[in-house]
Amino acid sequence: MINGRVVAAGQTCVADIFQPADAPGIVNLFRVVYGDDYPLQRYYDPDWISRAHASGELISVVSRTPSGDVVAHTALYRSSPANPEMLELGLTMTLPEYRATFATMRIAFYLRDILLPGLTCDAIFGEAVCNHVINQKLSNFIGMRECALELDLMPAEPYQAEQSATGRVSCLNLFIEIKEHQHKMFVPESCRVFIDAWLPGLEISREIVTGPEAELALDSTAVESSYFDFAGVSRCNLSRTGRDVVRVLSGLEQDWIARGRQVSQVYVNLADCCNWAAVAWLRNNGYVPGGLIPCWFKDGDALLLQKLAQAPGFERIKLKSKRAHQLLELVKAAFD
Amino acid sequence: MKLTDELWQHIQENCLTGGHLEALDRDVNLIDNGVLDSLSTLNLVSCLEKEYGIRIKSEDMTPENFGTVAQLAAMVEKKKTGL
């Protein structure tokens, strides 16, 4: 059963930045679109939403009717990247009776023409779910480019209210650089084919460094790991590789297996000259490249390596752009 | 080729998909007939901006500019000539 207040159809609307009075309307959108089961329960609390905007943790753009109803929404917020200046674009929702209107389009224009030009962060990324292409279209419109494919990232349950997924849902990762960067990229040989194929189309300026493997100088590997129980997903940011890397990664892997993980993602810092040791262990233990995410780390870009407990659901992935399809073929080839 | 012809061809070939276009003539109201919604319009705007080197703003998104192919052509022409 779908909960949520009914909003009168057919009203005009304008896009605008969040105002405190919008908070109940955003909660209503979550209830209509996801029922009561969206995994992050804080989005059902209008007070939390207002506080998050006041602190800058959340930057929402809404499509609002003259009567004050929120009929569409999207937001920027800090999430998984190790770089706090990399914001995620997401939480894009539209009331069903406003999906054949210009409500979402007005938000897209607001993002492209008003919000983005005024941002001072390093970059924006988004994880567009691939059970439909709506978020991909919106992301492409504001200039975001495809950079990674996160296979079977989300469980099907959150999408059951809308009956829009038949199994786990992959996400297409898109990004746009707000500030130009000139990061060095130390690319391990085992991922060189993938990077060489994908980097040119990202339209970013990077220096690829090749040569003999650097000696592991640090004692300890710098790694931050999270586990998302609702999704069975482990996610790990590996910013520096130390001499203990094999012990560290082996320990994490055992922990994730014990928790029943479905998907493991490791984001390896390409600015780390010693990342070859981490990548070697990961590749030998079934991890395959999923993409290249610029600015994921404060000082560098990330190579995404991923491992799945089950065979990937490639057939369920819906993609819009030619580049997205090219990425899918590249990721498929990496699995073969 | 006239701009309206170019636009109609462009819409059919590059911007919009779906069988309902085949049953529509070029004078149809694109909004009233559900040809253009938020996402198909984003696609159309991207195509127009790329093809004609113009910039379309949110305030341009009115039924008077996007209602019919002829209205679209008039808007594109104005943008091209900087009026």
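Sequence lines set the chain letters: A, B, ... in the order given, protein chains first and strands last, and positions in each chain run from 1. Any value given below was found using the heavy atoms of this structure, including those in side chains, with hydrogens, waters and symmetry copies removed.
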- [ ] Against chain B, label T101(A) side chain, backbone, both or neither, depending on which of its atoms sit under 4.5 Å from a heavy atom there.
- [x] backbone
Task: N140(A) versus E146(A), side-chain donor and acceptor atoms under 3.5 Å - done: yes
- [ ] Select, from K137(A), R112(A), K320(A), the one with the greatest count of heavy-atom pairs under 4.5 Å involving chain B.
- [x] R112(A)
Open item on the list: Let's test your reading of the structure: which of V14(A), D113(A), I107(A), I114(A) forms the most heavy-atom pairs below 4.5 Å with chain B?
Closed with: D113(A)
TODO: For the residue pair F30(A) and Y43(A), categorise the inter-ring angle as parallel (less than 30°), tilted (30 to 60°) or perpendicular (more than 60°).
DONE: parallel
- [ ] Answer yes or no: is there an ion pair linking E64(B) with K78(B), defined by an N-O contact shorter than 4.0 Å?
- [x] no
Task: Non-hydrogen atoms of I176(A) and I142(A) that approach each other most closely - done: CD1-O, 3.6 Å
